[in-house]
*Asks:* 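Supplied in structure tokens, the structure appears directly below.
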Amino acid sequence: MPPFPHRAAFSFDIEDWHHSELHREPVTRPEESIVERGTSAILDVLARHGWRSTFFVLGDVVRSHPALIRRMVAEGHELACHGMSHRPLWRATPEAFRGELREFRGAVEEVLGEFPVIGFRAPTFSIDRSNAWALDVLRAEGYRYDSSIFPMKVKMYGTPGAPVGIYRPAREDLRRHDPRGELVEFPVAIAELQGVRFPVGGGFYLRALPLWVFRSGLDFILRHRPFVLYLHPRELAPEAQRLPLDWVNGFITYVNLHTVMAKLEHLFARYQWTTMREILESEGWLAAP
Ligand SMILES: [Zn+2]
């Protein structure tokens, strides 16, 4: 393994196969959940490699899968918040969002008792310049870092011009770093080459790109700063139910599912991994507890 000056974080957004903004109508057989199977596969591969990871879990999943949440925490992973039911913040008010965060806290307390959750990722990366109030709500509710600002424009979301590395978003313009800002932003991995940005953080890019292309993007980033990637349980449970999507969205959602586990094994062997919280603490962005 080549030596890198930074560690990397793998994050998992724990939701079901039908929680997608690409298909908002009710689905048939939503009860055929893949959360259990997909998340267990994730926990197993992490345990095999001895890495810890950050899990952005939906409050609904905390309620429906308490045993899975207990296992996650018992194995040393970081529990973080992905909202209650996967409604993007573009369709929420500050009051509704605050209510959702409190509901999430209540759901966690029922399973684990008093338990610190300091990280948040909005469903569909839905924090941008239109709803920067969300950062105030997060701060007021005790969150210390966010991972919802996607620093380039893609099909459904994005904030072009926002920093690609860890920073403290300014309240008046979340693309700007404010050294006094209380909330830390840890955006998912974007490679930047001669001013051009390439998203490499997510499941789609991991699945669609050849491993060597993906890997050289990550090598490049890790020489300069830490990065965070993300996957979903459905990407580790390829035989699960699928949404009735048109071919473009179907491609984005399902291309190369069968390659995910092998790629994950490779990445877990190549880099040093830990939780997002630990990276933020060890790199001086958050004071250690
Ligand atoms: Zn999600």
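Every heavy atom of this structure was used, including side-chain atoms; hydrogens, water molecules and symmetry mates were not. All residue numbers refer to positions in the sequence shown, counting from 1. Start at 1 and go down the list; that is how both ligands and their atoms are numbered.
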*Asks:* How many protein N, O or S atoms are found at a distance of less than 2.8 Å from the Zn ion (ligand 1)?
*Replies:* 3
*Asks:* My understanding is that only residues two or more places apart in sequence, or in another chain, count here; which of them pass side-chain hydrogen bond (donor to acceptor under 3.5 Å, both in side chains) with S53?
*Replies:* none
*Asks:* So, are E235 and R207 salt-bridged, with charged N and O less than 4.0 Å apart?
*Replies:*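 Looking at R207 together with E235, the answer is yes, because their closest N to O distance falls below 4.0 Å.
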*Asks:* Can you name the salt bridge (Lys or Arg N to Asp or Glu O under 4.0 Å) partners of E75, sequence neighbours left out?
*Replies:* R71
*Asks:* Check salt bridge (Lys or Arg N to Asp or Glu O under 4.0 Å) between R63 and all other residues, then give those that pass, not counting sequence neighbours.
*Replies:*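 Partners of R63 by the salt bridge (Lys or Arg N to Asp or Glu O under 4.0 Å) criterion, ordered by chain and then number, come out as E103.
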*Asks:* Say whether, by atom type as modelled, one donor and one acceptor occur between the side chain of T39 and the main chain of E36 under 3.5 angstrom.
*Replies:* no
*Asks:* What I want to find out is whether E283 reaches R7 closely enough, with some N-O distance under 4.0 Å, to be called a salt bridge.
*Replies:*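 So E283 does not pair with R7 through a salt bridge.
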